[in-house]
Every structure is written in structure tokens, then in C-alpha cells.
Amino acid sequence: MHFHILTLFPEMIERGLKYSIIGRAVQNGYLTVHAVNIRDFTLDRHKKVDDYPYGGGAGMVMQAQPVYDAWESVIKKIGYRPRTIYLTPQAVVFHQRMAKEFAQDKNLIFLCGHYEGIDERVLEEIVTDYVSIGDYVLTGGELPAMVMADAIARMVPGVLTNEQSGCTESLEGNLLEYPQYSRPKEWNGKAVPDILLSGDHAKVDAWRREQSILRTMQRRPDLLAHAELTDKERKTYL
């Protein structure tokens with residue numbers, strides 16, 4: 001999978017995605033991350049990419065031309081128009097199902113805005129998906145782009161060393177993940193639940209399923225309306 005991230009701060013992207021699972025996936029050839037510097041495409045000799053908004057108001061607006069030309073450089077490179085994601089708080093909030101959906105694409109373009117935003121005309125021309133990572137405002141789109149890239153990359157085959165990891169963690173089936181424990185058996189007066197030491201895999205699976213449901217009820221009850229529960233589970237817990 002290939003991530004193309006249009007940004008004013010390519011170093012931020014390159015450094016932020018070079019470590020841990022994403023960094024290893026790039027080294028092993030499962031992913032590529034290409035930070036495209038929008039400033040490289042401005043026609044202004046001072047590398048300026050913004051100007052005052054028509055109609056007045058505070059702040060500056062990123063101009064259409066350098067954004068479009070940066071985007072077009074990716075199109076020419078890969079030979080078609082892939083999904084282009086604009087990171088903005090004025091959009092649907094990103095979730096795990098979207099990560100799975102985006103992971104089906106071979107190429108994704110992320111567009112990172114700054115200042116008061118980007119000229120609407122270029123957004124209308126190139127953007128296919130408007131996505132937010134939460135109902136708050138950040139300085140720019142780089143952090144949201146890295147958040148999304150991390151979540152999407154985990155769904156790409158080969159990125160996770162344990163093939164089950166991507167389908168057993170939190171939010172799979174709209175349930176939170178069950179509690180996890182490791183050595184030692186007792187720490188600070190707290191013991192690992194006996195069921196996890198029993199060696200009975202069926203009982204362990206049942207316990208984990210129950211804990212996932214209970215944890216979701218406690219911490220994210222809003223998820224339960226769309227959770228993948230059996231009829232028996234719905235009668236028992238809802």
C-alpha cells in the first residue's frame with residue numbers, strides 16, 4: 001500500500017511514521033510513505049502558498065494552485081485518481097470500519113490543511129473523502145493523517161506479525177478488547193484471573209468475550225447498539 005501525504009511539513013510526516021510497526025512495514029516492503037511538499041509546487045518565488053481570504057476575516061487560506069499541482073504530481077506518478085482524503089474537523093469522525101475500507105485501496109492521498117483552511121475550489125476538484133479524527137481543532141492535518149495512516153496500515157496484510165492482531169483488538173465487532181495480563185502471576189497484591197491459568201481455551205475464550213461486552217457496557221455503551229452480539233448475549237447484557 002502507498003500513502004501519499006500532501007503537506008507543508010514533510011519532515012513531520014517522515015519522522016512520525018518511521019518507527020515501530022509502520023517503520024518496519026516500510027522497511028519490509030508492505031508500505032510506502034511519500035510526503036509531498038506542497039511548497040515545491042508554488043509559483044511564488046518566496047515559496048508562499050497562502051493568501052488573505054476573499055470577504056475578509058482572520059487568518060490566511062492555502063491557495064488552490066500549489067495544492068492542485070502537488071496532487072497532480074501524484075496522479076501522474078501512479079496513473080489514476082485514487083481516493084483523496086482531506087483531514088478536517090468539518091467531517092465524519094474516523095472509525096475502525098473506515099480503516100478497513102481504506103485499507104482495500106492500493107494508493108491513498110492525504111491532504112493536510114493549515115491556517116484557516118484550503119481554497120474551496122481545489123477541494124471540490126480533488127477530494128473524495130472528508131474525514132475528521134475528532135470534534136476539536138488542530139494546527140494542521142499532519143497529526144490526523146499520521147493517525148489514520150497508522151490505523152489503516154494495521155489492516156494491510158503482512159503489516160502485523162501476528163495475523164490475528166488486527167481482528168481481535170478493540171472495536172472489532174463494535175466491542176472493546178478484553179483485559180490483558182502478563183507475568184508475574186501476582187503484582188502489587190493483584191492476581192491474574194484463575195481462568196487465564198486454567199489451560200482451558202474454550203473457557204478462556206468465553207471469559208474474554210464476556211469481559212469485552214462488560215467493558216464496552218461500562219466505557220462505551222454507545223457502541224452496543226451496533227455490536228455483533230448473539231441473541232443470548234443481547235438478552236443477558238442489554
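By convention here, the first residue in the shown sequence is residue 1.
With a 6.0 Å radius and a threshold of 12 heavy atoms from other residues, nucleotides or ligands, D135 has its CG atom at or below the threshold. Heavy-atom neighbours of R234 CZ from other residues, nucleotides or ligands within 6.0 Å: above the threshold of 12. Atom OH of Y30 has 12 or fewer neighbouring heavy atoms from other residues, nucleotides or ligands inside a 6.0 Å radius. No more than 12 heavy-atom neighbours from other residues, nucleotides or ligands sit within 6.0 angstrom of CD on Q90. A 6.0 Å sphere centred on NZ of K47 holds more than 12 heavy atoms belonging to other residues, nucleotides or ligands. Around atom NZ of K48, more than 12 heavy atoms belonging to other residues, nucleotides or ligands sit under 6.0 Å away. The number of heavy-atom neighbours closer than 6.0 Å to CD of E228, taken from other residues, nucleotides and ligands shown, is 12 or below. Heavy atoms from other residues, nucleotides or ligands lying under 6.0 Å from OH of Y237 number more than 12.
When all heavy atoms of G59 and P53 are compared, the pair lying nearest together is O-CD, 3.3 Å. Closest approach of S73 to F41, counting heavy atoms only: OG-CZ, 3.5 Å. For the pair Q65 and T42, the tightest heavy-atom approach, listed with the atom from each and the gap, is OE1-CA, 4.0 Å. Pairing each heavy atom of C112 with each of E142, the nearest pair is CB-OE2, 3.5 Å.
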Exercise for the section: Show the numbers, then the answer: is there a side-chain contact (heavy atoms from CB on, under 4.5 Å) between L108 and F102? Expected result: CA-CA 8 Å; L108 288 175; F102 284 129; 3.8 Å; yes
Practice task
Go through the steps for L111 and I126 under the test side-chain contact (heavy atoms from CB on, under 4.5 Å), then give the verdict.
Solution key: CA-CA 10 Å; L111 173 58; I126 70 175; 4.1 Å; yes
Handout entry: Stepwise side-chain contact (heavy atoms from CB on, under 4.5 Å) check, L31 with V159
Key = CA-CA 8 Å; L31 302 172; V159 169; 4.2 Å; yes
Exercise for the section: Take L196 and R208, measure what side-chain contact (heavy atoms from CB on, under 4.5 Å) needs, and give me the verdict at the end. Expected result: CA-CA 9 Å; L196 299 180; R208 286 175 168 172; 4.3 Å; yes
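Atom CD1 of I38 is separated from atom CD1 of I5 by 11.5 Å, given to the nearest 0.5 angstrom. Remark: E11 CD to L8 CG distance equals 10.5 Å, nearest 0.5 Å. To the nearest 0.5 Å, atom CG of residue L175 and atom CD of residue Q211 are 12.5 Å apart. Here the OG1 atom belonging to T88 is positioned 11.5 Å from the CD1 atom belonging to I133, to the nearest 0.5 angstrom. Interatomic distance, S212 OG to M217 CE, rounded to the nearest 0.5 Å: 13.0 Å. One distance of note links OG1 of T7 with CE of M12; it measures 8.0 Å at 0.5 Å rounding.
Looking at H114 and D50, their side chains never come closer than 4.5 Å, going by heavy atoms from C-beta outward. Between D119 and M62 the shortest side-chain heavy-atom distance does not fall below 4.5 Å. Contact check for N174 versus R220: no side-chain heavy atoms found under the 4.5 Å cut-off. Taking the side chain as every heavy atom from C-beta outward, W207 and K203 never approach each other to under 4.5 Å. Using a 4.5 Å heavy-atom threshold, the side chains of I152 and F94 count as touching. L223 has its side chain within reach of L176: a pair of non-hydrogen atoms, C-beta onward, lies under 4.5 Å apart. The side-chain heavy atoms of F3 and I13, taken from C-beta on, include no pair separated by under 4.5 Å. The shortest distance between side-chain heavy atoms of L138 and L87 does not fall below 4.5 Å.
No continuous path of ILVMFWY side-chain contacts below 4.5 Å connects M146 to Y19, so the two sit in separate hydrophobic clusters. Hydrophobic clustering (side-chain heavy atoms under 4.5 Å, transitive across Ile, Leu, Val, Met, Phe, Trp, Tyr) keeps L214 apart from V192. At a threshold of 4.5 Å between side-chain heavy atoms, the hydrophobic network of Ile, Leu, Val, Met, Phe, Trp and Tyr places I22 and I109 in one connected group. Cluster annotation: V137 and L123 are assigned to distinct hydrophobic clusters (Ile/Leu/Val/Met/Phe/Trp/Tyr, side-chain heavy-atom contacts under 4.5 Å, transitive). Taking hydrophobic clusters as Ile, Leu, Val, Met, Phe, Trp and Tyr residues chained together by side-chain heavy-atom distances below 4.5 Å, Y178 does not share a cluster with Y181.
Exactly one of I118, N37, T84, V36 qualifies for a side chain to side chain contact (heavy atoms under 4.5 Å, CB included) with L6. That residue is V36.
In this structure, the side chain of D105 does not engage the main chain of N107 through any donor-acceptor pair within 3.5 Å.
Taking a cutoff of 4.0 Å between a charged side-chain nitrogen and a carboxylate oxygen, R81 and E72 do not qualify as a salt bridge. Ionic pairing of R215 and E177 is not present here: no N-O contact between side-chain nitrogen and carboxylate oxygen is shorter than 4.0 angstrom.
With sequence neighbours left out, Y136 forms a side-chain hydrogen bond (donor to acceptor under 3.5 Å, both in side chains) with no residue at all. Under the side-chain hydrogen bond (donor to acceptor under 3.5 Å, both in side chains) criterion, S198 pairs with no residue, sequence neighbours left out.
Ring orientation note: the planes of H4 and H34 are nearly perpendicular, at an angle over 60° on the 30°/60° scale.
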